[in-house]
J.: 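Below is a structure I'd like to ask you about.
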Amino acid sequence: SGDGRYHRRAVAELPPEPTGDLVHHRTYDVRAYREADDTLRIRGIVQDEKPAGMYIEDDPEPLSIHQMVVDLVIAYPSLEIIDAQVVMEITPHHGCTSIEPAYGQLVGISIARGFTRKVRELFGGPRGCTHVGALLQAMAPVAIQSMWSMVTVNEVPVELSAADVAEKRRQAMLFNTNTCHVWDEHGEIVARVNNGQEIEPPLWAVERLEKLGRTPEEWHSRA
């Protein structure tokens, strides 16, 4: 904006494709769905693929060697897992799928802080599947990101006092506190929220609002 309160990052292009021969392609796809006011479903898929012809001569298509799907149903806002299902759709061995029921042990665990440690404790090494373990670790941050979305979609428009707005921001901030250096409990952003002050809108929100011919102040009006 013109007053200089908001800074914008340069929009960078992705780096060019490396020139070497592709030997492996892993993808993670993690999505969150609001099933009710108090329930989220996080679905994750991990897939490993080898280039065409690498393992089987004259094979014209890429070859999928792993595909695992994890569904976690999570209570909101406690973030407790209330249902967990693992389905191994593509595996190298018949015995791989025998570990699927073990992931029922996730029920009752919080997907918030300490989740990665708990996954390693329960399913590390021979106690689980390394690919499902990696996928679970990719899913946990998506659950945290979804907390802000749940606040937004569950919100009933009402007129709030300045004190109520400040408290609403403080409660929402709890999901992010100490998750990274920007959200350090002793840092500037947390201090501003605790003092009832506004924080700058996310850069992606500023850029989109400006593209739409609107101002960053609109972001604050939704708080």
Side-chain angles (χ1 to χ4, degrees), residues 22-51 54-56 61-151 153-154 172-185:
L22 179 68
V23 295
H24 192 87
H25 183 198
R26 166 165 283 202
T27 58
Y28 293 99
D29 185 5
V30 183
R31 304 186 184 196
Y33 301 87
R34 174 183 175 273
E35 294 199 331
D37 289 353
D38 60 355
T39 310
L40 269 168
R41 179 180 295 271
I42 311 294
R43 169 164 290 178
I45 302 173
V46 59
Q47 184 176 39
D48 285 317
E49 193 175 77
K50 293 297 184 181
M54 171 172 279
Y55 281 0
I56 299 176
E61 297 180 2
L63 182 64
S64 291
I65 62 172
H66 296 120
Q67 185 167 298
M68 287 80 178
V69 180
V70 176
D71 268 330
L72 300 178
V73 180
I74 299 170
Y76 169 81
S78 69
L79 291 176
E80 179 183 328
I81 297 171
I82 57 179
D83 189 45
Q85 301 290 330
V86 171
V87 177
M88 298 182 175
E89 297 179 330
I90 300 174
T91 64
H93 308 290
H94 290 296
C96 290
T97 57
S98 65
I99 199 66
E100 291 175 348
Y103 289 92
Q105 298 176 76
L106 290 166
V107 174
I109 296 172
S110 170
I111 202 170
R113 294 175 192 131
F115 180 71
T116 296
R117 176 185 55 78
K118 192 65 177 177
V119 166
R120 289 173 179 163
E121 178 184 304
L122 289 172
F123 310 112
R127 296 183 297 279
C129 167
T130 183
H131 312 298
V132 171
L135 177 57
L136 285 168
Q137 292 182 41
M139 293 171 71
V142 176
I144 302 299
Q145 289 288 318
S146 299
M147 294 299 97
W148 293 92
S149 301
M150 288 293 281
V151 169
V153 298
N154 283 347
M173 179 194 68
L174 293 176
F175 295 117
N176 277 24
T177 302
N178 286 332
T179 56
C180 73
H181 70 103
V182 171
W183 286 96
D184 183 345
E185 64 182 306

J.: Let's go through Ile42 and Val30 carefully: what are the C-alpha distance in whole Å and the side-chain angles of both, what is the deciding distance for side chain to side chain contact (heavy atoms under 4.5 Å, CB included) to 0.1 Å, and is it a yes or a no?
T.: CA-CA 7 Å; Ile42 311 294; Val30 183; 3.8 Å; yes
J.: Taking all atoms of both residues into account, what is the closest heavy-atom pair of Gly44 and Met139, and its distance?
T.: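 Nearest heavy atoms, Gly44 then Met139: N-CE, 3.6 Å.
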J.: Tell me, do Lys50 and Ile65 make a side-chain contact under 4.5 Å, heavy atoms counted?
T.: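 Counting from C-beta outward, Lys50 and Ile65 do come under 4.5 Å.
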J.: Find the distance between CG (Leu22) and CE (Met54) and round it off to the nearest 0.5 Å.
T.: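 Reported value, rounded in 0.5 Å steps: 7.5 Å.
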J.: So does Gly95 get a backbone contact from the side chain of Ser98, meaning a donor-acceptor N/O pair under 3.5 Å?
T.: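 Yes: the side chain of Ser98 pairs with the backbone of Gly95.
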J.: Please test His131 against Arg26 for side-chain hydrogen bond (donor to acceptor under 3.5 Å, both in side chains), starting from the C-alpha separation and ending with a verdict.
T.: CA-CA 10 Å; His131 312 298; Arg26 166 165 283 202; 2.8 Å; yes
J.: Restricting to side-chain contact (heavy atoms from CB on, under 4.5 Å), what partner residues turn up for Pro126, sequence neighbours left out?
T.: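 For Pro126 there are no side-chain contact (heavy atoms from CB on, under 4.5 Å) partners, ignoring immediate neighbours.
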J.: For Tyr103, give me all partners under ring-ring contact (aromatic ring centres under 6.0 Å, His included), at least two apart in sequence or on another chain.
T.: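 With sequence neighbours excluded, Tyr103 shows a ring-ring contact (aromatic ring centres under 6.0 Å, His included) to Phe123, given in chain and number order.
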J.: Answer yes or no: are there more than 12 heavy-atom neighbours, outside Gln145 itself, under 6.0 Å from its atom CD?
T.: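 For Gln145, atom CD is not crowded (no more than 12 foreign heavy atoms under 6.0 Å).
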J.: Could you state the interatomic distance from CD1 (Ile109) to CD1 (Ile82), rounded to the nearest 0.5 Å?
T.: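 It comes to 14.0 Å.
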J.: Please give me the minimum heavy-atom distance between Ile99 and Cys129, naming the atom from each residue.
T.: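 Looking at all heavy atoms of both residues, the shortest contact is CG2-CB, 4.4 Å.
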J.: Are the side chains of Val69 and Leu135 in touch, meaning some heavy atoms are under 4.5 Å apart?
T.: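 A side-chain contact under 4.5 Å is absent here.
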J.: In this structure, are over 12 heavy atoms from other groups packed under 6.0 Å from Gln67 atom CD?
T.: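 More than 12 within 6.0 Å, yes.
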J.: So which atom in Arg127 and which in Leu122 form the shortest heavy-atom distance, rounded to 0.1 Å?
T.: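 Nearest heavy atoms, Arg127 then Leu122: CB-O, 3.4 Å.
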J.: Where is the tightest heavy-atom contact between Val23 and Pro51, given as atom of each residue plus distance?
T.: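 The pair with the smallest heavy-atom distance is O-CD, 3.6 Å.
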J.: Using 0.5 Å steps for rounding, measure from the CG atom of Leu40 to the OG atom of Ser149.
T.: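 Interatomic distance, Leu40 CG to Ser149 OG, rounded to 0.5 Å: 8.5 Å.
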J.: So which heavy atom on Val107 is nearest to which on Ala84, and how close?
T.: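 Shortest heavy-atom contact: CG2-N, 4.0 Å.
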J.: Does His66 reach the side chain of Thr130, with side-chain heavy atoms less than 4.5 Å apart?
T.: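 In short, these two side chains do not touch, never coming nearer than 4.5 Å.
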J.: Above 12 or not: heavy atoms from other molecules or residues under 6.0 Å from NE2 of His24?
T.: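 Result for NE2/His24: enclosed.
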J.: Give a yes or no answer on whether the side chain of Glu100 reaches the backbone of Met88 with a donor-acceptor pair at less than 3.5 Å.
T.: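 Flag set: sc Glu100 to bb Met88 pair under 3.5 Å.
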J.: Side chain of Arg41, backbone of Arg31: donor and acceptor closer than 3.5 Å?
T.: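 Flag not set: sc Arg41 to bb Arg31 has no pair under 3.5 Å.
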J.: Can you confirm whether more than 12 heavy atoms, excluding those of Arg43, are under 6.0 Å from its CZ atom?
T.: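 Not buried by this count: 12 neighbours or fewer within 6.0 Å.
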J.: Step by step, would you call Glu80 with Ser110 a side chain to side chain contact (heavy atoms under 4.5 Å, CB included)?
T.: CA-CA 4 Å; Glu80 179 183 328; Ser110 170; 5.6 Å; no
J.: Using side-chain heavy atoms (C-beta onward) and a distance below 4.5 Å, is Met147 in contact with Leu79?
T.: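 Result yes, sub-4.5 Å side-chain heavy-atom pair found.
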J.: Under a 4.5 Å cut-off applied to non-hydrogen side-chain atoms, are Met150 and Pro77 in contact?
T.: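 Side-chain contact under 4.5 Å: no.
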J.: Rounded at 0.5 Å granularity, tell me how far CG in Asp29 sits from CD1 in Ile45.
T.: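 That separation rounds to 5.5 Å.
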J.: Is there a side-chain contact between Leu136 and Leu106 in this structure, where contact means two heavy atoms from C-beta onward sitting under 4.5 Å apart?
T.: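 Of all side-chain heavy-atom pairs linking Leu106 with Leu136, at least one is under 4.5 Å.
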J.: What's the spacing between Asp48 CG and Met68 CE if we round to 0.5 Å?
T.: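 One finds 8.0 Å between CG of Asp48 and CE of Met68.
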